[in-house]
Amino acid sequence: MRGKNATERVPADAGGIARAARILHEGGLVAVPTETVYGLAARADNPAAIARIYEAKGRPSFNPLIVHVAGIAAAQRLARLDEAALALAERYWPGPLTLVCPLRSDAGLAPAVTAGLPTVALRQPAHPAMAALLGAVQFPLAAPSANRSGFVSPTSAEHVLATLDGRIDLVLDGGECANGLESTIVAVRSDGRIETLRPGPIEVPGAVAVGPAEGIEAPGQTLSHYAPGKPVRLDAVVREADEYLIGFGEIAGDCSLSEAGDLLQAAARLYACLHRAALAPQPRIAVAPVPTKGLGLAINDRLHRAAAPM
Ligand code: AMP
Ligand code: MG
């Protein structure tokens, strides 16, 4: 089943989900579409399965994983959700909001899931395939993005196979992801403060942004991430001769995040554009300016990490 064999790819229909549930039960790795990006799922209560995620991704073991749950009751078996956290879960779940809450001592999660932290990151996904899978298994699913560590996140089954073919058991093919950006991550502190550890599709009212320098507790917020493997120049208005230009709005490029200047569309297309740019013959990538408001904040966060030196 595992090892260097080719990865199986099946549609994310009832048969595919049943097959995925069996593989996960046995401790295997399955890439699953979510409304954000494709996740690489393994059962979160099984240390060997979790070790396989880190191995397949080449992910540093100090970078904790998000645990996906079927609902609020399942989350409460793993973490202590105070009033503020509960209110956020009720308002935004299922959906692209991850809550970092105190881990319960009887959670039964593999220690590597939280990288030894006293907190755990939890989310109830909205995508029908991931929701059906969580309904079909009896355990929570740890699922980071389904790509080799540091590379561009996958928003299609092709993107998953581009870096993980032969390293994982199965891909559930559910087409392209709707949001295209990883979930917003917020930590709910005991004094009621809500801190945004990673901007994303949901802007939580009253949450304060914490930069990577302050986010020592979240070592995964490393600067270089989502890297297409070539130098990336941001805020480019004109293309230089050796650049592949990713356009936005009036700035047309070799591809465009959104011709109409629509941030929702830009988020959905961001990783597909970066994947195309990575495969293009040009040795460098340029990206047109994207406004830094609303969803544009999360898009710029990912672009700056893509552009950071590795
Ligand atoms: P990924 O699964 O690749 O989207 O990355 C998940 C991110 O969630 C990691 O990079 C961490 O920064 C963050 N994360 C997971 N667990 C925690 C936690 N307990 N505290 C803070 N951040 C976390
Ligand atoms: Mg990732």
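For the numbers below, each heavy atom of this structure counts, side chains included, while hydrogens, waters and symmetry mates do not. Counting starts at 1 for both ligands and their atoms, following the listed order.
Looking at S145, S153, A146, P64 and measuring to atom 15 (C) of ligand 1, the nearest heavy atom belongs to P64.
Remark: ligand 1 atoms within the under-4.0 Å shell around heavy atoms of T119 are 18 (C), 19 (N), 20 (N). For ligand 1, the atoms lying closer than 4.0 Å to a non-hydrogen atom of I66 are 6 (C), 8 (O). Counting atoms of ligand 1 from 1 in the listed order, those under 4.0 Å from a heavy atom of N63 are 9 (C), 10 (O), 11 (C). Interface atoms of ligand 1 facing R59, defined by a heavy-atom separation under 4.0 Å, are 1 (P), 2 (O), 3 (O), 5 (O), 6 (C), 9 (C), 10 (O).
The part of L197 lying near ligand 1 is the side chain, judged by heavy-atom distances below 4.0 Å. Only the side chain of I185 comes within contact range of ligand 1, with a heavy atom under 4.0 Å; no backbone atom does.
Between E176 and T155 there is no side-chain heavy-atom pair separated by less than 4.5 Å. Annotation: side chain of L65 is in contact with side chain of Y54 (closest heavy-atom distance under 4.5 Å).
In terms of heavy-atom proximity, G175 sits nearest to Y38 at O-OH, 2.6 Å.
Looking only at distances, a side-chain donor or acceptor of T184 sits under 3.5 Å from a matching main-chain atom of G200. H25 places no side-chain N or O within donor-acceptor distance of the main-chain N or O of A21, the cut-off being under 3.5 Å. Looking only at distances, a side-chain donor or acceptor of T163 sits under 3.5 Å from a matching main-chain atom of R148. In this structure, E35 contributes its side chain and H127 its backbone to a donor-acceptor pair below 3.5 Å.
At least one heavy atom of L117 sits under 4.0 Å from some atom of ligand 1.
Only protein N, O or S atoms were scored, and 1 of them lie under 2.8 Å from the Mg ion (ligand 2).
Inspection of the T36 and S183 side chains reveals no N or O donor paired with an N or O acceptor under 3.5 Å. A donor and an acceptor atom, one from each side chain of S256 and R269, are nowhere located under 3.5 Å apart.
Remark: R123 does not engage E182 in a salt bridge, criterion side-chain N to carboxylate O under 4.0 Å.
Checked against a 3.5 angstrom limit, the closest N/O atoms of K57 and ligand 1 fall outside it.
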